[in-house]
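Shown next, in structure tokens, is the structure this report addresses.
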Amino acid sequence: RIIAICIIAAGIVSTISACGTDNTDYENLREVNWDGTELTISLGTNKDTGCEWETESQDDSIIDYSINRVFHLSDRAKKGEAVGILDAGFEGKSAGTTEIVCTTPVNWDGTGDGYTYTVTVTVNEDGTIESATGE
């Protein structure tokens, strides 16, 4: 009996810890990931204040939008608060190097200048992403 209670208690503890707090720094979230021909730029977004990202490929013959563009509401967002992550998807088209420029009209709290995040992408002849770096 004692062993069974310990196992059940351990299961409850692990379930509670799996639902732990969301420690994502949405304000500073800037990530670039790619696999094959698909590239995703993940950016923290605060729709409540107008800190929403626009993305633009400087040469859409090298890389262009894919259908993968999704806003994910954060797990820690308070009721009515639209804080989360924009996953902007792109697809490699042809060989070359270009930039994807990401901008917001205002900063995180809705005042002052917005942000700019530029991703430099190199694409191979077959459309696969060779490299991508953001700054």
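Hydrogens, waters and symmetry mates are skipped; everything else that's a heavy atom, side chains included, is used. All of these numbers come straight from a predicted model, not from anything done at the bench. Numbers for residues simply follow the sequence, beginning at 1.
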Any residue meeting side chain to side chain donor-acceptor pair (under 3.5 Å) with Asp59, in chain and number order, not counting sequence neighbours: Ser61
Under 3.5 Å, is there a donor-acceptor pair between the side chain of Asn46 and the main chain of Trp108? yes
Which residue pairs satisfy the ring pair (Phe, Tyr, Trp, His ring centres under 6.0 Å) criterion with at least one member in residues 113-135, sequence neighbours excluded? none
How about Glu54 and Thr104: does a side-chain donor come under 3.5 Å of a side-chain acceptor? no
Does CG belonging to Asn28 count more than 12 external heavy atoms closer than 6.0 Å? yes
Residues two or more places apart in sequence or in another chain: which of them pass side chain to side chain donor-acceptor pair (under 3.5 Å) with Ser57? none
Using the side chain to side chain contact (heavy atoms under 4.5 Å, CB included) rule, take Thr97 and Val121 through it: C-alpha gap first, then chi angles, then the decisive distance, then the call. CA-CA 6 Å; Thr97 299; Val121 183; over 6 Å; no
Gap between atom CG of Asp48 and atom CG of Asp109 - 0.5 Å precision: 12.5 Å
Do any N or O atoms from the side chain of Asn33 and from the backbone of Thr40 form a donor-acceptor pair under 3.5 angstrom? no
Distance-minimising heavy-atom pair for Thr49 and Val106: O-CG2, 3.4 Å
Going through the checks in order, is the side chain to side chain contact (heavy atoms under 4.5 Å, CB included) test met by Ile63 and Ile100? CA-CA 9 Å; Ile63 194 162; Ile100 300 169; 4.2 Å; yes
Under the side chain to side chain donor-acceptor pair (under 3.5 Å) test, residues paired with Asn107 that sit two or more places apart: none
Phe90 side chain near Ile62 side chain, heavy-atom distance below 4.5 Å: no
Enumerate, atom names and distances included, each donor-acceptor pair closer than 3.5 Å involving a side-chain atom of residues 123-135, sequence neighbours excluded.
| unit_1 | atom_1 | unit_2 | atom_2 | d |
| --- | --- | --- | --- | --- |
| Asn124 | ND2 | Thr128 | OG1 | 2.9 |
| Asp126 | OD1 | Thr128 | N | 3.1 |
| Asp126 | OD1 | Thr128 | OG1 | 2.7 |

Quick one: closest heavy-atom pair of Trp34 and Leu39, and the distance? CB-CA, 4.0 Å
Using modelled atom types and a 3.5 Å cut-off, is there a donor and acceptor pairing between side-chain atoms of Ser74 and backbone atoms of Val83? yes
CD on Glu56 to OG1 on Thr118, rounded to 0.5 Å: 11.0 Å
Sorted by first residue and then second, give each salt bridge (Lys or Arg N to Asp or Glu O under 4.0 Å) pair with at least one member in residues 87-107; sequence neighbours left out. Glu91-Lys93
Minimum heavy-atom distance between Cys102 and Thr55, given as atom pair plus value: SG-CG2, 3.6 Å
Could you walk me through whether Ile85 and Thr45 pass the side chain to side chain contact (heavy atoms under 4.5 Å, CB included) check? CA-CA 5 Å; Ile85 300 170; Thr45 299; over 6 Å; no
Residues Trp53 and Gly44: closest non-hydrogen pair is NE1-O, 2.8 Å
